[in-house]
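Scroll down for the structure; my scribbles are underneath it.
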Amino acid sequence: MLSQFKSDNNIEFDENELLRKLTLEPPKNLDHGDMSTNISMLLSKYLKLKPIDVANKLLHYIDKFPGVDEVKVAGPGFINIKLTMSTWNTCIQKILLNEEKWDKINLGEGKKINIEYISANPTGPLHAGHARGAVFGDALASLLKEVGYKVTKEYYINDAGSQIDKLVDSALLRYDECLGQNIKEIPQGLYPGEYLKDVGLELVNKYGKNLKTKDKADIFEIVRQVSLDVIMKIIRNDLFRLGIDMDVYTSEKKIISGNLLNETLSILEKKDLIYKGVLDAPKGMNPDNWEKREQLLFKSTNYGDDTDRALKKSDGTWTYFATDMAYHLDKINRTKGNLINVLGADHIGYISRINAAVRALSNDNFSIDTKICSLVNLLEDGKPIKMSKRSGNFVTLSDIIDSVGRDVIRFIMLTRRNDQSLDFDFKKVTEKSKDNPVFYVQYAHARCNSIFKSAKIKEQDLSIEDFSFLNTKEEIELIKFISLWPRSMELAAKNHEPHRICYYLIELSSLFHSLWNRGKDDKSSKFIIENDKKLTNSRLCLVKAVALTIRKGLKILSINPVFEM
RNA sequence: GGACGCGUAGCUCAGCUGGAUAGAGCAACUGCCUUCUAAGCAGUAGGUCAGAGGUUCGAAUCCUCUCGCGUUCACCA
């Protein structure tokens, strides 16, 4: 159409440039028709005419397209297109004939993508803060899978480093305790949590008193392994209860003992990205507190970081960042595609160096998108819940699952953009009202199901033929909204923003509830009309399409649909 | 002091990557259960999108500066 228009008007413009800026999408306001385009604004520059006049020129090009009912110029020069009623009726038919496939989009094209999330230290059970990253990462993973990526869900176990020494010491204390020794108070700096009693018990079960007779250095590895086994079992169980199943658990210790650090180093060396040097004190810091040390450094500033980063400590051992680089090289090698990290708000300062690392190690072939999940404030009826890590008195993920259930946690934590902090109020999230979106969406689905029960027909027994009976404004609006589902999913996936799925479902539910209530004031608007089988059938098909879409959305969020409430 | 994020209705938040009159829920006020589930619906009221500039046909959205809030800042992990 563009080239036709070009020659007709004898003008020149860059079609690619235009197509990039061109929009053809359903407008916010449904009164503006079904599709809307800004093409006349874009062309007005070349034609040296007002957008409105351009639009009027364009009208007769557009109304020749099939399925177009009416074309109007509006506002500053938008061209609004109204599609014929039958377009929408066939739309519902297509949906029901291809229940599984009608919304398939192939954004990922089978490309691999690796998403690392949770990666909580294996020193204790998961707590509330972990829950958000866990749910977010998991929903994002299944969303990406849904749109055609090959997704690997990965957990990095930080089973090396000083926190493991602390863990071993804490475990040995509990071991003594299990052997009947009075351990009194847990010393400062060790992990006080009760869960370590299980580790002590396991050590006694496996080794009896035998560990007592040996040097600490000799038993370190044994205790370390038993502690990790017990705690990772707790963590996996917490994740299982949240409905999360990771594909890969990677051990930091294995990364260190393998050859990856050397590989990393040689890649950086070849690219001239490492040097021995001394870092300057950060701006604003008192230079008296600054100790100058010569270290092996990575030139992350070449990739936009504010300062270069240490790979080795001054005593020559690797930094955490160095092993993390090696780990990311490992992920790049395995994935040969882009990476995603889901981290907590306290890792904000880490983003730019890991970006630099991935770009350097992948030769700029791949990139990493770091999603930061902001803080979760736990509240009980508006008042903050006090937690103290010191006393081991903090709310665990397991506690939350016990009190509100998995579906509520998942939905609430996803009904917010990841970079916004989130209030999680135990009282509010179990409330059953519109204030609580979980029940709102579930209720819509339960109502769908209830209609089929009243009609004494099963979803799969509906006849999918004639939908010309669906013609009220509200029905068509609902069909239109359902047809937007693949687009919503695509946008959510492209932007790595699973919260959009939640908001879509809430809006869909709202439209459905509204349609339902119409039948209260006006009996002819009910879904089931006693003596009109055809009308009833087509309306039930619409209900089915709603139910299908809600289920698809909930499936991505790993939330079970409810059939009765 | 630097980095990153946030600032939208009294409160909690969306806003489709630059579109038309900025939207939901809660709280307030009006209505709707003999009816396919009222855990719901319809309506009223509530806004200088923190502030000031800039980019253009057009800005809550992009850029710059200012203010406020949050997270963070060397060999920890």
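Values reported hereafter were calculated over all heavy atoms of this structure, with side chains retained and with hydrogens, waters and symmetry mates removed. By convention in this document, chain letters (A, B, ...) are assigned in the order of the sequence lines, proteins followed by strands, and residues within each chain are numbered from 1. Just so it is clear, the model here is predicted, and its values are computed rather than measured.
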TODO: Using a 4.5 Å cut-off on heavy atoms from C-beta on, say whether the side chain of A/P561 contacts that of A/I550.
DONE: no
Open item on the list: Reading RNA chain B from 5' onward, which residue's closest nucleotide shows up sooner: A/L279 or A/F527?
Closed with: A/F527
Open item on the list: What's A/N289 touching, base or sugar-phosphate or nothing? Going by heavy atoms closer than 4.0 Å.
Closed with: base
TODO: Just call it for A/N80: base, sugar-phosphate, or nothing, with non-hydrogen atoms closer than 4.0 Å on any strand.
DONE: base
TODO: Verify the contact: side-chain N or O of A/K523 to OP1 or OP2 of B/U35, cut-off strictly under 4.0 Å; return yes or no.
DONE: no
Task: Sugar-phosphate only, base, or nothing, as touched by A/Y350 at under 4.0 Å among non-hydrogen atoms - done: base
TODO: Name the nucleic acid region contacted by A/S36, choosing base, sugar-phosphate or nothing; use a 4.0 angstrom heavy-atom cut-off, strictly under.
DONE: base
Open item on the list: Using the side-chain heavy atoms of A/R447, tell me which of these nucleotides is nearest: B/A20, B/A38, B/A77.
Closed with: B/A38
Open item on the list: Let me check I have this right: for RNA chain B, each base becomes ., (, ), [, ] or |, based on Watson-Crick or G-U pairs with both distances under 3.5 Å. What is the full string?
Closed with: (((((((..((((.....[...)))).(((((.......))))).....(((((..]....))))))))))))....
Task: Closest to the A/F439 side chain, choosing from B/A39, B/A74, B/G40 - done: B/A39
Open item on the list: Quick check: do A/C502 and A/L557 have side-chain heavy atoms less than 4.5 Å from each other?
Closed with: yes
TODO: Would you mind classifying the nucleic acid contact of A/E291 as base, sugar-phosphate or nothing, using non-hydrogen atoms under 4.0 angstrom?
DONE: base
- [ ] Remember a base hit wins even if backbone is also touched, and classify A/I451 as base, sugar-phosphate or nothing at under 4.0 Å, heavy atoms.
- [x] sugar-phosphate
TODO: May I ask you to say what A/S514 touches in the nucleic acid, namely base, sugar-phosphate or nothing, with a heavy-atom cut-off under 4.0 Å?
DONE: sugar-phosphate
Open item on the list: Check the phosphate of B/C4 against A/S352, side-chain N and O only, distance under 4.0 Å to OP1 or OP2. Yes or no?
Closed with: no
Open item on the list: By the 4.0 Å heavy-atom rule, please label A/A455 as base, sugar-phosphate, or nothing.
Closed with: nothing
Task: Residue pair A/N341 / A/T370, side-chain donor-acceptor N/O under 3.5 Å - done: no
Task: Which residue lies more 5' along RNA chain B, comparing A/A345 with A/S162 via nearest heavy atoms - done: A/A345
Might you list the N or O atoms of the protein lying below 3.5 Å from N or O atoms in nucleotides 14-19 of chain B, with each pair's distance?
from, atom 1, to, atom 2, distance (Å)
B/A14, OP1, A/R417, N, 3.0
B/A14, OP2, A/Q420, NE2, 3.4
B/G15, OP1, A/H499, NE2, 3.0
B/G15, OP2, A/R417, NH1, 3.3
B/C16, O2, A/R487, NH2, 3.4
B/U17, N3, A/N495, OD1, 2.9
B/U17, O4, A/N495, OD1, 2.9

Task: Ring-base stacking, A/Y440 with B/A39 (5.5 Å, 30° cut-offs) - done: no
Task: Candidates A/L414, A/T415, A/L508 - the one meeting side chain to side chain contact (heavy atoms under 4.5 Å, CB included) with A/Y503 - done: A/T415
Task: Residue A/L375, side-chain heavy atoms: nucleotide from B/A38, B/A77, B/U71 that is nearest - done: B/U71
Open item on the list: Taking B/G46 as the reference, what is the distance to B/G2 when you measure between their P atoms (whole Å, please)?
Closed with: 42 Å
- [ ] Look at all strands and tell whether A/A444 reaches a base, only sugar-phosphate, or nothing, counting heavy atoms closer than 4.0 Å.
- [x] nothing
